[in-house]
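Reviewing the structure listed below.
Given the structure is predicted, the values throughout are model-derived calculations rather than measurements. Numbers here simply count residues along the sequence, with the first being 1.
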Amino acid sequence: MQRLLAVLLVLIGLIGLVLGRLGETTWAPEPETTATATLEDPGPAVVIDPGVLYVGGEEGKVVIEGASDVSVITASNSDIDAYLEGVHHTRVTGASDWSTLSTEDVEPDGAAEISDPTGSDLWRSVDTSASPYTLDIGEFWAAENGENEQVYRSLLIVTDGTAAGADKISITWPVDDENEWVPYAYAGGAAIAVIGLVLLVVSIGRRGDVGEDELLEEPQEARSSEARTSLATGGAAAGAAAGGLSDDRDRSDTDGADTDADGADAPRAEGPLDAPGAREVGEQSVWSFGDRADDAGTGADGTASDAGSQVADPSGDDADQERR
């Protein structure tokens with residue numbers, strides 16, 4: 001039972017460790033989140049308001065896709081508003097959730113084209129690159145907060161002034177998030193597994209001790225069993241010998257009785273006279289002799305002689321013989 005419990009604890013601990021690992025990998029939250037805006041009819045210009053880049057932190061990237069080369073222009077919000085007055089354009093105002101950028105359609109009935117969008121003297125910086133254009137948010141933030149501080153600059157995105165300013169804009173922020181239960185799964189799983197291993201080692205050690213005790217007790221039990229068997233065998237042999245002697249005595253008695261009945265000679269006892277069997281045989285012979293004397297004293301006329309006096313007084317017989 002203890003070994004089964006130990007194995008069960010080890011399995012539970014391993015499951016906890018596996019769950020912790022899955023919480024860090026397969027079940028872990030995404031390491032980053034991306035908010036996207038797909039623009040159907042944005043107009044010749046798209047503006048990203050100040051601060052939108054930092055909704056998810058001061059790290060990340062902006063990816064801008066357009067029909068041709070993409071130009072990213074920095075300027076104050078007021079200068080960009082003045083330049084785009086009366087022009088149809090779209091503003092990116094924030095993020096409605098962590099996957100969608102919120103947009104605003106400005107002056108949809110305005111002009112659909114702008115001339116030389118990168119040549120105005122209102123711009124702080126102009127950077128043109130092939131689509132897709134990628135902007136590093138960390139670098140942009142460092143430029144705004146460096147020696148030449150330019151905090152909360154707006155971004156004006158254009159192509160050639162006639163096509164859409166951008167077809168798609170995506171902003172990606174890193175996510176510093178994790179499953180809160182992962183550390184508990186690791187700690188609990190490790191602790192339970194260690195307890196199970198300790199119990200398993202202890203149970204194996206106890207089983208080994210029991211096995212040694214059984215090995216030590218087995219020869220003792222074998223010797224005890226042999227002793228009991230020897231005693232039983234000896235007792236049985238003694239009983240058999242006693243039974244045999246009794247049978248011999250019974251047979252001797254029976255044979256003596258038959259001899260007395262038939263008038264035959266009594267068997268002669270063999271062995272020392274002081275033996276129990278010899279004494280019994282001797283007694284039987286004496287009584288048998290008396291019986292034969294009685295039989296011999298019976299005359300032809302059927303009268304019986306005094307056998308008792310003949311046996312008891314042998315001197316009387318001698319006197320009668322002398323008279324005769």
Side-chain angles (χ1 to χ4, degrees), residues 30-114 116-120 122-145 150-175:
E30 292 294 332
E32 58 185 23
T33 182
T34 300
T36 303
T38 301
L39 307 174
E40 297 291 339
D41 183 17
V46 177
V47 178
I48 299 177
D49 287 347
V52 174
L53 300 182
Y54 310 131
V55 169
E58 299 171 355
E59 298 290 336
K61 64 182 180 180
V62 180
V63 177
I64 304 168
E65 299 177 11
S68 59
D69 293 346
V70 177
S71 298
V72 176
I73 302 168
T74 61
S76 64
N77 222 18
S78 58
D79 290 341
I80 292 176
D81 290 342
Y83 180 78
L84 294 177
E85 187 176 355
V87 177
H88 177 213
H89 62 281
T90 300
R91 302 186 74 93
V92 179
T93 59
S96 57
D97 54 49
W98 290 110
S99 61
T100 305
L101 292 173
S102 56
T103 59
E104 180 184 354
D105 191 14
V106 181
E107 297 188 26
D109 298 330
E113 295 182 3
I114 51 177
D116 193 15
T118 60
S120 174
L122 299 175
W123 315 142
R124 294 181 179 178
S125 64
V126 177
D127 187 18
T128 303
S129 178
S131 177
Y133 180 97
T134 301
L135 173 67
D136 188 274
I137 295 176
E139 293 178 359
F140 190 80
W141 182 88
E144 286 194 329
N145 294 274
Q150 304 179 57
V151 181
Y152 283 28
R153 289 175 292 171
S154 295
L155 292 178
L156 174 61
I157 302 169
V158 295
T159 52
D160 57 2
T162 59
D167 295 332
K168 183 179 180 180
I169 298 176
S170 299
I171 303 177
T172 301
W173 299 281
V175 177

Residues 37-54 vs side chain to side chain donor-acceptor pair (under 3.5 Å), sequence neighbours excluded, gives D49-R91, Y54-E144

Would you tabulate the side-chain donor-acceptor contacts of residues 55-66 under 3.5 Å, counting partners in other chains and residues two or more places apart, or write 'none'?
unit_1: E58; atom_1: OE2; unit_2: W141; atom_2: NE1; d: 3.3

All heavy atoms of G165 vs all of I157, minimum pair found to be O-CG2, 3.6 Å

Query raised in the report: Do P44 and V87 come close enough that some side-chain heavy atom pair is under 4.5 Å?
Result: yes

Residues passing the side-chain contact (heavy atoms from CB on, under 4.5 Å) test with D69, sequence neighbours excluded, are T128, A130

Here the pair of heavy atoms bringing L122 nearest to A75 is O-CB, 3.9 Å

With sequence neighbours left out, the residues meeting side chain to side chain donor-acceptor pair (under 3.5 Å) with T93 are S102

The reported gap from CD1 in I137 to CH2 in W173 (rounded to nearest 0.5 angstrom) is 6.5 Å

Between the CG atom in L155 and the CD1 atom in I80, the distance rounded to the nearest 0.5 Å is 7.5 Å

On a heavy-atom basis, the closest approach of S68 and S131 is O-CB, 3.6 Å

Any L84 side-chain heavy atom under 4.5 Å of L156 side chain
yes

Looking only at heavy atoms, the pair that brings P42 and T90 closest together is O-OG1, 2.9 Å

Can D79 and S76 be counted as having a side-chain donor-acceptor contact under 3.5 angstrom? yes

The reported gap from OH in Y133 to CD1 in I169 (rounded to nearest 0.5 angstrom) is 12.5 Å

Residue set satisfying side chain to side chain donor-acceptor pair (under 3.5 Å) with D167, at least two apart, ordered chain then number -> none

Between P31 and V175, is there a side-chain heavy-atom distance shorter than 4.5 Å?
no

Rounding to 0.5 Å, atoms CG (L101) and OG (S96) come to a distance of 7.5 Å

Is the count of non-hydrogen atoms from other residues, nucleotides or ligands lying under 6.0 Å from E107 atom CD greater than 12? yes

Output for pair (L53 CG, L135 CG), nearest 0.5 Å, gives 6.5 Å

Residues at least two apart in sequence or cross-chain that pass side chain to side chain donor-acceptor pair (under 3.5 Å) with T100, listed by chain then number, are D97

Side chains of H89 and D105, donor plus acceptor under 3.5 Å
no

| field | Audit row: T172, T33, side-chain contact (heavy atoms from CB on, under 4.5 Å) steps and yes/no | value | CA-CA 6 Å; T172 301; T33 182; over 6 Å; no

Could you tell me if the side chain of T36 sits less than 4.5 Å from the side chain of K168, heavy atoms only?
yes

The reported gap from CH2 in W123 to OG1 in T74 (rounded to nearest 0.5 angstrom) is 9.5 Å

* Does any non-hydrogen side-chain atom of Y83 lie less than 4.5 Å from one of P117? -> yes

Nearest heavy-atom contact between S154 and N77 is OG-OD1, 2.5 Å

